[in-house]
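To keep things clear, I will list the structure first and then write my remarks on it.
Source: prediction; values computed, not measured. Convention: sequence-line order gives letters A, B, ...; per-chain numbering from 1. Note: hydrogens, waters and symmetry copies are ignored here, and every other heavy atom, side chains too, is used.
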2 protein chains.
Amino acid sequence: MPEIKLQHILTMVQLLSKGARHNFIEVTTADLGKNIGRSQQAASKHLLDLETAGYIERVRRGQKFAVRVTDKGNTEIQSLFASLKSALESAPAAIDFEGSVVSGMGEGAYYMSLEGYKKQFLEKLGYEPYPGTLNVRLTDQVYMNARRELGRHPSIFLEGFSDGTRTYGWVKCYRASINDGAMENAAVLVLERTHYDDSMLEVIAPVSIKDATGIKNGDRIKVQVRIDNSHGHHQMP
Amino acid sequence: MPEIKLQHILTMVQLLSKGARHNFIEVTTADLGKNIGRSQQAASKHLLDLETAGYIERVRRGQKFAVRVTDKGNTEIQSLFASLKSALESAPAAIDFEGSVVSGMGEGAYYMSLEGYKKQFLEKLGYEPYPGTLNVRLTDQVYMNARRELGRHPSIFLEGFSDGTRTYGWVKCYRASINDGAMENAAVLVLERTHYDDSMLEVIAPVSIKDATGIKNGDRIKVQVRIDNSHGHHQMP
DNA sequence: ATTACTAAAGGACGAGTAA
DNA sequence: TTTACTCGTCCTTTAGTAA
């Protein structure tokens, strides 16, 4: 959609930031060049090109020129900027996984049933998980890599605790949906302790995922983990 | 500050908008080329360059590649975008004028005293103007051009009215400051009727500008008109 | 079908310099 | 001092094509 050449962006932005949207401002091509990290000659060429394209107007003022950005030029920059912005903002903030359902609800069920976690699930996730995790064996190296790095993203963080006998590690929760929306309020767990392996994904939900979706052991399954991109990444611990 | 080459921006944005921030996505260089308005070969080169620079990573998937934007790449794009954004947003939204004060408060004073305007000034501008306008004769062609186009900008709009005998035209007001802040709450008027000429600026304020600032007839004066840039320009009538 | 090499064309840029 | 011309160099792109 935007017609403006990429190389001219810096020049236009520089002019606009100097107030050239509404006023004719005096800039020398040498200064301009310095500001955009190019030579005087390059800046001069930019202004000539932009003038030809109708994006700026210039008037002689003695030996120098005064420059103003035209409506057309402003529209062009704003629309370029708007389309970049919307492209960046519409970027899906989710990590996709695929794998097959395997049996092994035992251990998960035990942990979920512990009071020290249950309380936090209810408080931070909004529900008490069905007792038992759905285990998904990832099928592709790409998903295993993503699984390994999953814990780096901002999470719903459940503190570890001690019951007097032993201590239990923290749990990071990530909201997730299953099979393109067949179930929306699931969550994927990243545990401090149980370091299964990077090919395994543990999924919980308020109800039995198998019952609710009809998924059986051995079935292929897609899990989409939603990531919070609201800036300020990478947190402890 | 941003190190990334301008020509790579579109490619990076395209990848990000396809979700390559968190997932390895499959893109062919032919598709990518189409999306950024370049050839397949150019897209291929971009990916090679970006990979070398550490802005993306790729993994073979059969014959194709899957691509993901690295943290470094994302940081680069976000910071480029942020610096453009701040440059554009910090752009001063004001039109500067310079001229000399001339006598001629008569007519302005008469208009300002009319009840049909006084009411609207108080309501929309927040004060009742000192009775009398300060007239500024613009000295440079550049300012006269700007004066001619002033009415196109969003304004504080006073309706015209009739007192039974005759009708009075609309008035557009623009908040303005005088001599770099010597007076901040002045306003410049653009009248429907009184089509003086493009070299004249009429300025009002809650008090006598001459008394408050010590400006006398014949003095040079700067008037800075503030423009409302909050998008959605160009309105009636 | 897909990537990316090569060669050649096109464009952007900086140095030198005229006006 | 300023702008902008020419020209040589380097960078970017495309077409053709190999793998």
Side-chain angles (χ1 to χ4, degrees), chain A residues 2-15 18 20 23-69 73 76-77 80 140-142, chain B residues 2-15 18 20 23-69 73 76-77 80 140-142:
Chain A
E3 309 272 300
I4 196 167
K5 296 194 179 178
L6 292 175
Q7 80 228 61
H8 291 144
I9 292 177
L10 294 181
T11 302
M12 287 293 280
V13 168
Q14 178 64 22
L15 291 177
K18 283 266 204 286
N23 298 295
F24 281 94
I25 59 163
E26 291 192 4
V27 246
T28 68
T29 54
D31 278 351
L32 183 55
K34 199 167 293 178
N35 280 315
I36 62 172
R38 298 278 131 84
S39 66
Q40 174 270 321
Q41 294 87 336
S44 175
K45 187 68 168 26
H46 285 193
L47 293 182
L48 288 168
D49 292 346
L50 289 168
E51 190 173 30
T52 305
Y55 295 154
I56 63 171
E57 3 170 31
R58 302 150 98 195
V59 294
R60 266 240 127 75
R61 287 191 131 242
Q63 206 165 20
K64 308 177 185 180
F65 275 108
V67 188
R68 186 171 63 173
V69 172
E76 198 70 16
I77 278 289
L80 168 69
D140 191 291
Q141 187 59 45
V142 156
Chain B
E3 308 273 300
I4 195 167
K5 295 194 179 179
L6 292 175
Q7 81 227 64
H8 291 145
I9 292 177
L10 294 181
T11 300
M12 288 292 280
V13 169
Q14 178 64 22
L15 292 176
K18 284 267 204 286
N23 299 295
F24 281 94
I25 58 162
E26 291 191 4
V27 246
T28 68
T29 54
D31 277 351
L32 183 55
K34 200 168 291 179
N35 280 315
I36 64 172
R38 297 277 131 84
S39 66
Q40 174 270 320
Q41 293 87 338
S44 174
K45 188 70 168 23
H46 284 194
L47 292 182
L48 288 168
D49 292 346
L50 289 168
E51 190 173 28
T52 304
Y55 295 154
I56 64 172
E57 4 170 30
R58 302 151 97 194
V59 294
R60 266 240 127 76
R61 289 190 130 240
Q63 205 165 22
K64 308 177 183 179
F65 274 109
V67 187
R68 186 171 63 171
V69 173
E76 199 70 15
I77 279 288
L80 168 69
D140 190 292
Q141 188 58 46
V142 157

request  = Record whether the side chain of Q7(B) comes under 3.5 Å of the base of dG11(C) through a donor-acceptor pair of N or O atoms.
outcome  = no
Under 3.5 Å: donor-acceptor pair, side chain of D31(A), backbone of V27(A): no
### Message
Could you walk me through whether I56(A) and M12(A) satisfy the side chain to side chain contact (heavy atoms under 4.5 Å, CB included) test, starting with their C-alpha distance in whole Å, then the side-chain angles of each, then the deciding distance to 0.1 Å, before giving a yes or no?
### Response
CA-CA 9 Å; I56(A) 63 171; M12(A) 287 293 280; 3.9 Å; yes
Here the distance between atom P of dA4(D) and atom CG of L50(A), to the nearest Å, is 12 Å
note: I36(B), atom CD1; dT13(D), atom C1'; distance rounded to Å ~ 11 Å
Next item on the list: Establish, with yes or no, whether the OP1 or OP2 oxygen of dA12(C) is under 4.0 angstrom from a side-chain nitrogen or oxygen of K5(A).
Entry: yes
In whole angstroms, the gap separating P of dA12(C) from CG of L6(A) amounts to 11 Å
Counting just side-chain N and O atoms, does H46(A) come under 4.0 Å of either OP1 or OP2 of dC13(C)? yes
Whole-Å distance, E26(A) CD to dT3(D) P, equals 10 Å
TODO: Report which part of the nucleic acid A42(B) touches: base, sugar-phosphate, or nothing (heavy-atom distance under 4.0 Å, all strands).
DONE: base
- Message: Using side-chain heavy atoms (C-beta onward) and a distance below 4.5 Å, is I77(B) in contact with V69(B)?
- Response: no
Across every strand shown, the nucleotide meeting Watson-Crick or G-U wobble geometry with dT12(D) (both distances under 3.5 Å) is dA9(C)
Nearest-nucleotide check on DNA chain C, D49(A) vs Q63(A); residue mapping nearer the 5' end is D49(A)
Heavy-atom nearest nucleotide on DNA chain C taken for T29(B) and for K45(A); more 5' hit belongs to T29(B)
Would you say the side-chain atoms of D140(A) pair up with the backbone N or O of V142(A), donor to acceptor, closer than 3.5 Å? yes
### Query
dA15(D) phosphate, OP1 or OP2: any side-chain N/O from R38(B) under 4.0 angstrom?
no
Whole-Å distance, Q41(A) CD to dG8(D) C1', equals 13 Å
Taken to the nearest whole Å, CD/Q40(A) to C1'/dA4(D) is 7 Å
Which of R58(B), K18(B), R61(B) passes salt bridge (Lys or Arg N to Asp or Glu O under 4.0 Å) with E26(B)? Answer is R61(B)
note: L48(B), atom CG; dT13(D), atom C1'; distance rounded to Å ~ 14 Å
From NZ of K34(B) across to P of dA1(C) the rounded distance in Å is 12 Å
Q: For dT1(D), take OP1 and OP2 only and decide whether either is under 4.0 Å from a side-chain N or O of R61(A).
A: no
So T28(A), base contact, sugar-phosphate only, or nothing? Heavy-atom distance under 4.0 Å. sugar-phosphate
